[in-house]
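Small disclaimer: the values here were computed from a predicted structure and weren't measured.
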Amino acid sequence: MSKDTIANLLTYIRNADINKKRTVRISYTKITESIVKILLREGFIENTRKHQESNKCFLVLTLRHRRNRKVLDKTVLNLKRISRPGLRIYSNSQRIPKILGGMGIVILSTSQGIMTDREARLKRIGGEILCYIW
């Protein structure tokens with residue numbers, strides 16, 4: 001397991017979606033909790049709950065179940081990590097990219113917390129581009 005918790009979160013969700021798993025258990029940090037709350041609010045996941053075993057906390061995510069998926073190797077949920085520990089990518093509020101013309105979301109880490117691209121544009125603040133989800 002690497003030190004990049006955001007990349008681990010995205011990889012766990014992507015792998016569970018490809019393998020048609022219903023639930024995913026990820027390690028709990030404040031940043032993963034913020035990203036999961038955004039995914040829940042935007043409708044990419046169905047439910048989340050905090051679970052504790054011995055002295056470790058986990059987040060258990062319930063993914064949206066897609067019954068009408070015909071092609072096995074094509075996933076509907078696409079997640080891409082942009083800024084990483086070796087190369088940080090920053091953007092001001094005017095240059096925040098739009099994914100699929102606004103259909104996808106960009107998750108940013110700003111001075112006012114982690115938020116989506118729409119919220120950052122409304123507040124006119126930029127920040128570090130964490131990931132794209134479409």
Side-chain angles (χ1 to χ4, degrees):
M1 191 163 158
S2 69
K3 298 285 183 186
D4 191 4
T5 57
I6 300 170
N8 287 342
L9 166 71
L10 299 176
T11 302
Y12 289 158
I13 293 173
R14 185 183 311 113
N15 288 343
D17 189 53
I18 289 171
N19 293 322
K20 299 180 184 175
K21 300 289 183 189
R22 185 82 170 139
T23 60
V24 180
R25 190 176 94 166
I26 58 169
S27 61
Y28 173 82
T29 60
K30 289 181 181 180
I31 195 162
T32 56
E33 182 184 31
S34 300
I35 293 173
V36 165
K37 283 182 182 177
I38 290 174
L39 292 175
L40 183 64
R41 189 174 62 228
E42 295 290 327
F44 289 105
I45 60 174
E46 218 173 89
N47 193 9
T48 182
R49 71 177 194 272
K50 195 173 177 182
H51 181 68
Q52 187 167 359
E53 283 183 13
S54 61
N55 59 355
K56 288 199 167 203
C57 289
F58 297 99
L59 288 174
V60 179
L61 311 178
T62 306
L63 301 178
R64 282 198 175 259
H65 187 61
R66 295 178 184 87
R67 293 186 184 132
N68 298 332
R69 206 183 307 173
K70 302 283 187 207
V71 182
L72 294 176
D73 56 357
K74 176 76 173 157
T75 181
V76 176
L77 184 61
N78 292 307
L79 306 122
K80 185 175 182 184
R81 176 81 159 117
I82 301 302
S83 184
R84 50 193 171 88
L87 178 65
R88 303 288 187 187
I89 307 293
Y90 297 95
S91 176
N92 61 15
S93 62
Q94 290 85 23
R95 295 186 182 223
I96 297 173
K98 287 188 177 181
I99 305 302
L100 293 177
M103 295 297 290
I105 63 170
V106 177
I107 297 180
L108 292 106
S109 175
T110 66
S111 59
Q112 297 180 7
I114 295 178
M115 59 181 67
T116 63
D117 55 339
R118 282 173 255 150
E119 295 168 347
R121 281 191 201 97
L122 285 174
K123 293 182 179 182
R124 295 179 186 235
I125 53 175
E128 180 184 355
I129 300 174
L130 297 178
C131 60
Y132 297 157
I133 301 170
W134 71 96

How long is the straight-line distance from NE2 of H51 back to OH of Y28, given to the nearest 0.5 Å? 15.0 Å
In Å, rounded to the nearest 0.5 Å, how long is the span from CD of E33 to CD1 of I114? 10.0 Å
Closer than 3.5 angstrom, by distance alone: can the side chain of N19 be matched with the main-chain N or O of N15 as a donor-acceptor pair? yes
Kindly compute the distance separating CD1 (I133) from CZ (R81), expressed to the nearest 0.5 Å. 11.0 Å
For the student: nearest non-hydrogen atoms of A16 and L63, plus distance: CB-CD1, 3.6 Å
I'd like to check L9 versus V36 (side-chain heavy atoms, cut-off strictly below 4.5 Å). Are they in contact? yes
Compare all side-chain heavy atoms of I96 with those of R121 and state whether any distance is below 4.5 angstrom. yes
Walk me through it: do L61 and I26 pass the test side-chain contact (heavy atoms from CB on, under 4.5 Å)? CA-CA 8 Å; L61 311 178; I26 58 169; 4.2 Å; yes
Under the rule for side-chain contact (heavy atoms from CB on, under 4.5 Å), what residues qualify as partners of S93, not counting sequence neighbours? R124
Is there side-chain contact between C131 and L10, with at least one heavy-atom pair below 4.5 Å? yes
Going through the distances and angles, do Y12 and R25 end up as a side-chain contact (heavy atoms from CB on, under 4.5 Å)? CA-CA 8 Å; Y12 289 158; R25 190 176 94 166; over 6 Å; no
Is M115 linked to I107 within one hydrophobic cluster, defined over Ile, Leu, Val, Met, Phe, Trp and Tyr using a side-chain heavy-atom separation of less than 4.5 Å? no
Once you round to the nearest 0.5 Å, how far does OG of S91 lie from CD1 of I125? 11.5 Å
Tell me whether the NZ or CZ atom of K50 lies within the 45° cone about the ring axis of F58 and under 6.0 Å from its centre. no
Less than 4.5 Å apart, side chain to side chain, heavy atoms only: is that true for I45 and T62? no
When rounded to the nearest 0.5 angstrom, what distance separates OG1 in T48 from CG in L59? 5.0 Å
Inspect the contact between E46 and R64 and indicate whether a charged nitrogen and a carboxylate oxygen are less than 4.0 angstrom apart. no
Minimum-distance pair of heavy atoms, taken over all atoms of D117 and G104: OD2-O, 4.5 Å
Salt bridge or not between E42 and K37? Use side-chain N to carboxylate O under 4.0 Å. no
Side-chain heavy atoms of T116 within contact of L108, under 4.5 Å: no
State, with a plain yes or no, whether a side-chain heavy atom of V24 is found less than 4.5 Å away from one of V60. no
Working to the nearest 0.5 Å, report the span between CG of N47 and CZ of R22. 9.5 Å
Hey, are the side chains of I35 and I6 touching, using non-hydrogen atoms and a 4.5 Å cut-off? yes
With Y132, which of I105, N78, I82 fulfils side-chain contact (heavy atoms from CB on, under 4.5 Å)? I82
Any side-chain heavy atom of T5 within less than 4.5 Å of one from K3? no
Can Y90 be reached from L87 by stepping across I, L, V, M, F, W or Y side chains whose heavy atoms are under 4.5 Å apart? no
